[in-house]
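Atoms considered below: every heavy atom in the structure, side chains included; atoms not considered: hydrogens, waters and symmetry mates.
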Amino acid sequence: MIHRSLPVFVIIATALLLGGCGSGPPTQFMTTSAVAEPTHPYLGPPVLVGRVTIPPQLDRLWLTRSEGNGYLHVSNATRWAAPLALLIRHTLSIDLSRSLGTPKVIIPGEPESRKSYVALSVVITRLRISSAAHGAAHLDMSAVWVLIRPHLPPQIHHLRLILAPTSNSDSAANTLSRAIGRLADSIAMSVVSSNPLRIAVSGGSRYPKQ
């Protein structure tokens, strides 16, 4: 019996080896990029972007798209340059720094010794990236973020965002980058409103006081 099954094993092994040696399409790597503009001047304490959480079924290297009816398509040719939650966190930090017009946003990975800062945590509860017939990416996102400032109660905010592609060639990376920029802009508004500029008057002069 062992000798009769041996040729079958050899055939299967050979097929697997030939399949692995075949030339398939090269893997494409995508990343997100900061797009925000300085629109919310901020003079408060530094902001630290903490953990960003996304739906676990999307937190993978390979691009995952929604096909509707509860189905997901995981690409075998297109992948993110890093785990998606880490990409979003890094891009969000840069976008937030641009939107607030300040270098006081603490970028993940930078050394940090400041003891007083605004802590920001973000949970993306919904992130659906889907494709139209021409391949451009649509995005549907819901996010909740919490601002924690020293000696003040936490503040909770949320955003629902639906984005259509700007062109027939708008990729998932471009659409997600625009969504992160919009999220950063909303977070910037909440940061500024939670830390209004206080003006002290002394001897006729006005100066910001933190």
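- Here the side chains of Met141 and Leu183 are in contact, with some heavy-atom distance below 4.5 Å.
- Between Ile180 and Ile88 the shortest side-chain heavy-atom distance falls below 4.5 Å.
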Cut-off 3.5 Å, no hydrogens considered: what does the side-chain donor-acceptor table look like for residues 52-61, sequence neighbours left out?
residue, atom, partner, partner atom, Å
Asp59, OD1, Ala85, N, 3.3
Arg60, NE, Gln57, O, 3.0
Arg60, NE, Thr64, OG1, 3.2
Arg60, NH2, Gln57, O, 2.9

Problem set entry | Working for side-chain contact (heavy atoms from CB on, under 4.5 Å), residues Leu92 and Val122 | CA-CA 10 Å; Leu92 179 62; Val122 181; 3.9 Å; yes
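- Between Arg126 and Arg160 the shortest side-chain heavy-atom distance falls below 4.5 Å.
- A heavy-atom distance below 4.5 Å is not found between the side chains of Thr91 and Val35.
- Distance alone, capped at 3.5 Å, is enough to place a donor-acceptor pair between the Thr175 side chain and the Ala137 backbone.
- One distance of note links CG of Asn174 with CG of Leu163; it measures 12.0 Å at 0.5 Å rounding.
- Through direct or indirect side-chain contacts shorter than 4.5 Å among Ile, Leu, Val, Met, Phe, Trp and Tyr, Val146 is connected to Val144, Ile148, Ile156.
- Counting only heavy atoms from C-beta outward, the side chains of Val49 and Ile187 never approach each other to under 4.5 Å.
- Residues passing the salt bridge (charged side-chain N to carboxylate O under 4.0 Å, His left out) test with Arg98, sequence neighbours excluded: none.
- Side-chain heavy atoms closer than 4.5 Å link hydrophobic residues (I, L, V, M, F, W, Y) into clusters, and following such links, possibly through other members, connects Leu120 to Leu161.
- For the atom pair Tyr42 OH and Ser97 OG, the distance stands at 12.0 Å (nearest 0.5 Å).
- Here the closest heavy-atom approach between residue Leu100 and residue Ala188 is recorded as CD2-CB, 3.6 Å.
- From Ser142, atom OG reaches atom CG of Leu159 across 7.5 Å, with rounding to the nearest 0.5 Å.
- At least one side-chain heavy atom of Leu139 sits under 4.5 Å from a side-chain heavy atom of Leu127.
- Leu96 contributes atom CG, which lies 11.0 Å from atom CD1 of Ile106 (distance to the nearest 0.5 angstrom).
- Checking side-chain atoms of Arg89 against main-chain N and O of Gly50 turns up a donor-acceptor pair under 3.5 Å.
- Counting heavy-atom neighbours within 6.0 Å of Arg182 CZ, excluding the residue itself, gives a total of 12 or less.
- His40 has its side chain within reach of Ser99: a pair of non-hydrogen atoms, C-beta onward, lies under 4.5 Å apart.
- Judged by distance alone, with hydrogens and angles left aside, the side-chain atoms of Asp95 form no donor-acceptor pair with the main-chain N or O of Ala34 at under 3.5 Å.
- Within the 4.5 Å cutoff, side-chain heavy atoms of Thr31 are placed close to those of Leu87.
- Taking both residues in full, the closest heavy atoms of Pro45 and Val118 are given as CG-CG2, 3.8 Å, listed atom of the first, atom of the second, then distance.
- Side-chain atoms of Lys104 come within 3.5 Å of backbone N or O of Gly44 as a donor-acceptor pair.
- Put simply, NE2 on His138 and CZ on Arg128 are 12.0 Å apart, with the number rounded to the nearest 0.5 Å.
- At distances below 3.5 Å, at least one donor-acceptor pair connects side-chain atoms of Ser177 with backbone N or O atoms of Ser33.
- Between Ala173 and Thr32, the shortest heavy-atom distance links the atoms O-CG2, 4.4 Å.
- Trp80 and Phe29 make their closest contact through O-CD2, 4.3 Å (heavy atoms, listed as atom of the first residue, atom of the second, distance).
- Side chain to side chain, Ser190 and Trp145 meet the donor-acceptor criterion of an N or O pair below 3.5 Å.
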